[in-house]
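Comments concern the structure below.
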Amino acid sequence: MDFGETTNEPKKIAYKVEITEVQDYNNDGAVNLADVKYLMQNDRNVISILKGNGDFRSKECIDLLKQADIVVTNPPFSLFREFIALIMQYKKHFLVLGNQNAITYKEIFKYIRDNELWLGYKSGDMSFRVPDYFEPRETRYWVDESGQKWRSMGNICWFTNLDIQKRHEELDLFKCYSVEEYPFYDTYNAINVNKVSDIPCNFEGIMGVPITFLDKYNPEQFELIGIDRYVEDNPNYGKRFSIGGKEIYARILIRNKKPQKP
């Protein structure tokens with residue numbers, strides 16, 4: 001049976017849009033995405049049909065990738081590892097949206113640890129405009145006064161390898177280490193820190209911090225050791241750390257390069 005012939009759905013067509021210059025085409029006094037939309041709707045020369053389905057892994061799309069200076073996109077979250085590996089392979093600068101949990105992927109964290117990838121300026125809750133055909137939802141969905149539909153997600157962030165000022169700003173540390181407040185893990189020589197704001201200023205050893213720490217990470221201030229499950233000297237490799245037999249949520253292992261004296 002040819003499963004490709006059993007559907008009545010129309011074949012999806014992939015397009016390439018090539019714009020070399022944008023000006024105030026709609027005469028609204030500004031040059032912005034509205035002019036790009038106008039150009040696409042009124043100038044067929046900027047749009048061409050791809051031979052394939054637009055899959056980023058196809059030779060056709062890889063040939064386009066090779067021409068790019070900077071890649072800006074929202075890749076399929078289920079293929080995030082594969083997409084990042086591809087743009088890394090071709091040594092491209094990029095700015096892409098992804099799920100915060102991608103930080104915990106072994107393949108992604110390796111790039112973060114080696115300072116080949118980091119978080120951009122926005123992390124956490126983000127809102128997105130969605131098309132008119134988008135079905136209403138009970139949560140994280142609304143329609144604004146102009147009739148535009150919106151959705152939001154609470155665990156989205158920008159991943160990039162473009163240098164930004166934020167990653168050179170030092171995180172202010174206010175708390176001091178105490179045995180009572182910062183317990184060690186059961187099987188790993190590191191203390192647990194539940195909040196980024198609780199990172200002690202005077203601890204010289206290894207600390208396990210929430211993955212949200214990467215939004216504040218400055219490679220000049222901190223050293224990234226690894227991520228709990230995949231750090232090489234984890235005696236229970238592949239498993240998260242525990243305290244008193246209770247497993248702790250994902251932790252990134254760091255060391256303060258500039259600890260204050262007690």
Side-chain angles (χ1 to χ4, degrees), residues 98-126 139-140 152-160 163-262:
N99 191 297
Q100 274 184 326
N101 289 327
I103 292 169
T104 66
Y105 300 165
K106 178 170 60 174
E107 301 87 348
I108 301 300
F109 189 81
K110 174 176 66 70
Y111 296 124
I112 297 174
R113 181 199 62 203
D114 296 341
N115 283 312
E116 296 176 347
L117 179 157
W118 45 87
L119 300 194
Y121 273 106
K122 179 68 175 175
S123 180
D125 192 76
M126 290 193 195
T139 60
R140 291 188 173 274
S152 70
M153 300 181 73
N155 59 347
I156 304 299
C157 59
W158 287 102
F159 292 84
T160 187
D163 199 17
I164 54 176
Q165 180 60 37
K166 188 183 79 166
R167 70 187 296 262
H168 301 289
E169 296 172 354
E170 290 209 352
L171 176 65
D172 291 328
L173 306 177
F174 302 99
K175 302 194 70 170
C176 290
Y177 169 73
S178 68
V179 175
E180 296 77 19
E181 189 171 358
Y182 300 96
F184 279 79
Y185 297 114
D186 292 340
T187 59
Y188 194 85
N189 188 26
I191 63 170
N192 181 64
V193 181
N194 285 321
K195 298 179 181 179
V196 175
S197 59
D198 290 342
I199 294 175
C201 64
N202 60 339
F203 189 77
E204 297 182 358
I206 300 175
M207 301 173 276
V209 296
I211 64 175
T212 52
F213 163 79
L214 288 180
D215 191 44
K216 306 292 184 182
Y217 171 54
N218 175 348
E220 297 148 15
Q221 183 181 14
F222 293 98
E223 175 188 0
L224 284 184
I225 306 297
I227 192 163
D228 51 8
R229 287 191 298 173
Y230 304 120
V231 68
E232 292 181 359
D233 55 347
N234 179 356
N236 299 309
Y237 189 84
K239 294 185 178 181
R240 301 201 189 284
F241 296 153
S242 61
I243 298 176
K246 183 178 180 180
E247 187 176 85
I248 303 299
Y249 188 67
R251 288 291 186 264
I252 290 172
L253 300 175
I254 65 170
R255 182 185 283 112
N256 189 347
K257 292 182 177 181
K258 306 175 182 179
Q260 297 180 16
K261 297 298 181 182

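Everything quoted here is computed from the prediction, not taken from an experiment.
Tyr105 contributes atom OH, which lies 10.5 Å from atom OH of Tyr230 (distance to the nearest 0.5 angstrom). We find the CD-CG distance between Gln260 and Asn202 to be 7.0 Å, quoted to the nearest 0.5 Å. Between Phe109 atom CZ and Asp228 atom CG the span is 9.0 Å, to the nearest 0.5 Å. Rounding to the nearest 0.5 Å places CG of Leu119 at 6.0 Å from CZ of Phe159. Interatomic distance, Arg113 CZ to Leu253 CG, rounded to the nearest 0.5 Å: 11.5 Å. Distance check, rounded to the nearest 0.5 Å: SG of Cys157 to CG of Asn99 gives 7.5 Å.
Between the side chain of Asn218 and the backbone N or O of Glu220, at least one donor-acceptor pair lies under 3.5 Å. When atom types are taken as modelled, the side chain of Lys106 and the backbone of Ile227 share no donor-acceptor pair closer than 3.5 angstrom. Here the side chain of Glu170 pairs no donor or acceptor atom with the backbone of Gln221 at under 3.5 angstrom.
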| request: Could you walk me through whether Arg167 and Asp163 pass the salt bridge (Lys or Arg N to Asp or Glu O under 4.0 Å) test, one step at a time? | output: CA-CA 8 Å; Arg167 70 187 296 262; Asp163 199 17; 3.5 Å; yes

| task | Starting from the C-alpha separation in whole Å, work towards a yes-or-no answer on side chain to side chain contact (heavy atoms under 4.5 Å, CB included) for Ile199 and Ile254. | result | CA-CA 10 Å; Ile199 294 175; Ile254 65 170; 4.2 Å; yes

| query | So Tyr121 and Gln165, side chain to side chain contact (heavy atoms under 4.5 Å, CB included) or not? Walk me through it. | reply | CA-CA 9 Å; Tyr121 273 106; Gln165 180 60 37; 3.6 Å; yes

| said: Using the rule given for side chain to side chain contact (heavy atoms under 4.5 Å, CB included), can you reason through Ile243 versus Tyr185, listing the C-alpha separation, both sets of side-chain angles and the distance that settles it, and then say yes or no? | reply: CA-CA 5 Å; Ile243 298 176; Tyr185 297 114; 3.7 Å; yes

| request: Would you check, one step at a time, whether the test side chain to side chain contact (heavy atoms under 4.5 Å, CB included) holds for Lys175 with Val193? | output: CA-CA 11 Å; Lys175 302 194 70 170; Val193 181; over 6 Å; no

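When all heavy atoms are compared, the tightest approach of Asp125 to Lys122 is O-CE, 3.1 Å. The minimum heavy-atom distance linking Ile211 with Ile103 is given by the pair O-CD1, 4.0 Å. Contact detail for Ile252 and Pro210: the closest heavy-atom pair is CD1-O, 4.5 Å. Closest approach of Met207 to Phe203, counting heavy atoms only: CG-CD2, 3.6 Å. Heavy atoms only, all atoms of each residue included: Asp198 and Tyr182 are closest at O-OH, 2.5 Å. Summarising the geometry of Asn256 relative to Cys201, their closest heavy-atom pair is ND2-O, 3.7 Å, with the distance given to 0.1 Å.
Contact of the Trp158 side chain with the Met126 side chain is registered, since non-hydrogen atoms from C-beta on lie closer than 4.5 Å. Side-chain contact check for Leu224 versus Leu214: some heavy-atom pair is nearer than 4.5 Å. Within the 4.5 Å cutoff, side-chain heavy atoms of Val231 are placed close to those of Phe241. Counting heavy atoms from C-beta outward, Phe184 and Asn192 have side chains that stay 4.5 Å or more apart.
Within a 6.0 Å radius of NZ in Lys239, other residues, nucleotides and ligands contribute 12 heavy atoms or fewer.
There is a side-chain donor-acceptor pair under 3.5 Å between Tyr188 and Asp233. If you check the side chains of Asn234 and Arg240, you find no donor sitting under 3.5 Å from an acceptor.
By the side chain to side chain contact (heavy atoms under 4.5 Å, CB included) test, Asp186 pairs with Ser242, sequence neighbours left out.
With salt bridges taken as basic N to acidic carboxylate O contacts below 4.0 Å, none links Glu223 and Lys257.
Aromatic pair Phe222/Phe213: centroids less than 6.0 angstrom apart.
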